[in-house]
Amino acid sequence: MSDLRGIAPSILAADFSRLGAQVQEVVAAGARVIHVDVMDGHFVPPITMGPLVVDALAGLVHEAGGLLDVHLMIERPERHIADFAKAGADVISIHAEATPHVHYALSAIREAGCRAGLAINPATRPDVAEDVASIVDVLLCMTVNPGWGGQPFIPGSERRVAALKALGGPGVAVEVDGGIDARTIGSCATAGASLFVAGSAVFGTDEPAEAVRRLAQAAAEAAS
Ligand code: DX5
Ligand code: ZN
């Protein structure tokens with residue numbers, strides 16, 4: 001089974017004044033995938049973080065046996081893959097809507113030694129992934145519109161999760177991102193998702209470690 005599974009806490013919702021400690025806390029609670037949301041002020045309005053933050057967390061995450069999952073919400077992501085790979089990214093996901101060169105970008109991610117992911121927005125048809133399914137490791141289904149944490153899960157997204165799972169087959173993990181919490185995680189797991197990004201539902205609580213454990217349990221129960 002792919003190691004791209006379980007809860008992926010999104011540091012977008014973390015307290016950046018103590019980022020290392022926050023990441024350490026969720027890793028100690030069993031999270032093995034740390035999600036990093038990169039936004040450029042063009043593909044999505046906000047500007048967030050870049051390779052420097054990936055580099056700052058790489059040692060800590062890798063020593064614990066974890067993976068850095070970098071979600072590029074940026075235009076023309078192919079221009080930045082080398083920088084993120086060098087900084088220590090393990091998985092790099094690009095958006096289907098962000099470049100005319102999806103196949104090239106995904107190939108470049110693998111050539112840089114990383115796992116490749118294709119992300120799709122809520123209005124993008126899942127079959128956009130069909131012709132690149134053989135060169136991706138993960139298909140990322142946005143369950144909110146990208147750009148901000150704390151938004152509500154878009155009802156009916158499970159249908160898109162199931163379509164991506166069918167397209168990717170057993171070797172490709174399906175990741176869900178946006179509005180994932182104790183209420184929404186179960187139906188996504190049942191639909192075929194195995195990697196669950198959670199920002200507010202983890203770092204927006206008083207006890208991120210406990211939140212990771214609860215979400216993991218809810219996902220496991222739904223999938224079994
Ligand atoms: C949104 C980001 C998400 C975000 C999720 O554009 O891609 O990863 O951090 O945040 P929550 O879990 O709060 O919806
Ligand atoms: Zn994300």
Side-chain angles (χ1 to χ4, degrees), residues 4 6-16 19 22-23 26 29 31 33-50 53-54 57 61 67-75 77 80 84 89-98 109 114-124 136-155 157-158 160-161 164 173-189 193-208 210-212 214-216 218-219:
L4 298 178
I7 309 304
S10 166
I11 62 168
L12 189 64
D15 176 352
F16 273 68
L19 186 55
Q22 292 248 280
V23 169
V26 294
V33 180
I34 300 297
H35 188 81
V36 180
D37 286 308
V38 178
M39 306 186 193
D40 65 352
H42 292 273
F43 181 67
V44 290
I47 298 174
T48 57
M49 51 201 130
V53 173
V54 173
L57 294 176
V61 171
L67 301 169
L68 277 166
D69 174 33
V70 176
H71 177 193
L72 296 182
M73 284 161 277
I74 66 176
E75 281 176 12
H80 302 277
F84 282 99
D90 300 289
V91 184
I92 300 179
S93 292
I94 60 151
H95 267 265
E97 307 84 2
I109 292 169
C114 301
R115 249 83 74 79
L118 182 67
I120 61 165
N121 281 343
T124 300
V136 297
D137 301 283
V138 58
L139 291 169
L140 193 167
C141 185
M142 289 306 304
T143 44
V144 298
N145 286 296
W148 301 271
Q151 303 178 77
F153 181 86
I154 297 174
S157 297
E158 295 89 345
R160 300 162 52 70
V161 170
L164 289 174
V174 173
E175 178 174 14
V176 282
D177 186 2
I180 300 301
D181 58 20
R183 212 172 33 84
T184 56
I185 199 167
S187 58
C188 291
S194 55
L195 183 59
F196 307 90
V197 178
S200 321
V202 170
F203 292 117
T205 70
D206 292 339
E207 296 193 48
E210 184 54 24
V212 167
R214 286 219 181 112
L215 288 168

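Residues: numbered from 1 along the sequence shown. As the structure is a computational prediction, the values presented were derived from the model and not from experiment. Counting convention: from 1, in listed order, for ligands and their atoms alike.
Here the side chains of Phe84 and Cys114 are not in contact, with every heavy-atom distance at 4.5 Å or above. Put simply, the side chain of Thr143 does not reach to within 4.5 Å of the side chain of Phe196, judged on heavy atoms. With a 4.5 Å cut-off on side-chain heavy atoms, Glu75 and Asp40 count as touching. With contacts defined as side-chain heavy-atom distances shorter than 4.5 Å, the pair Thr184/Val176 does not qualify. Residues Ile120 and Leu140 have side chains not in contact (no heavy-atom distance under 4.5 Å, counting atoms from C-beta outward). Side chains of Leu72 and Phe43 form no contact here, defined as non-hydrogen atoms less than 4.5 Å apart.
Contacts of Ser93 classified as side chain to side chain donor-acceptor pair (under 3.5 Å), with partners at least two apart in sequence or in another chain: none. With sequence neighbours left out, Asp137 forms a side chain to side chain donor-acceptor pair (under 3.5 Å) with Arg110.
Within 4.0 Å of ligand 1, contacts by protein heavy atoms are made from Ser10, Leu12, His35, Asp37, Met39, His71, Met73, Met142, Pro146, Gly147, Trp148, Gly149, Gly150, Asp177, Gly178, Gly179, Val197, Ala198, Gly199, Ser200.
Aromatic ring pairs are classed by plane angle as parallel below 30°, tilted from 30° to 60° and perpendicular above 60°; the pair His95 and His71 is parallel.
Take the Zn ion (ligand 2) and draw a sphere of radius 2.8 Å; the protein N/O/S atoms inside it number 4.
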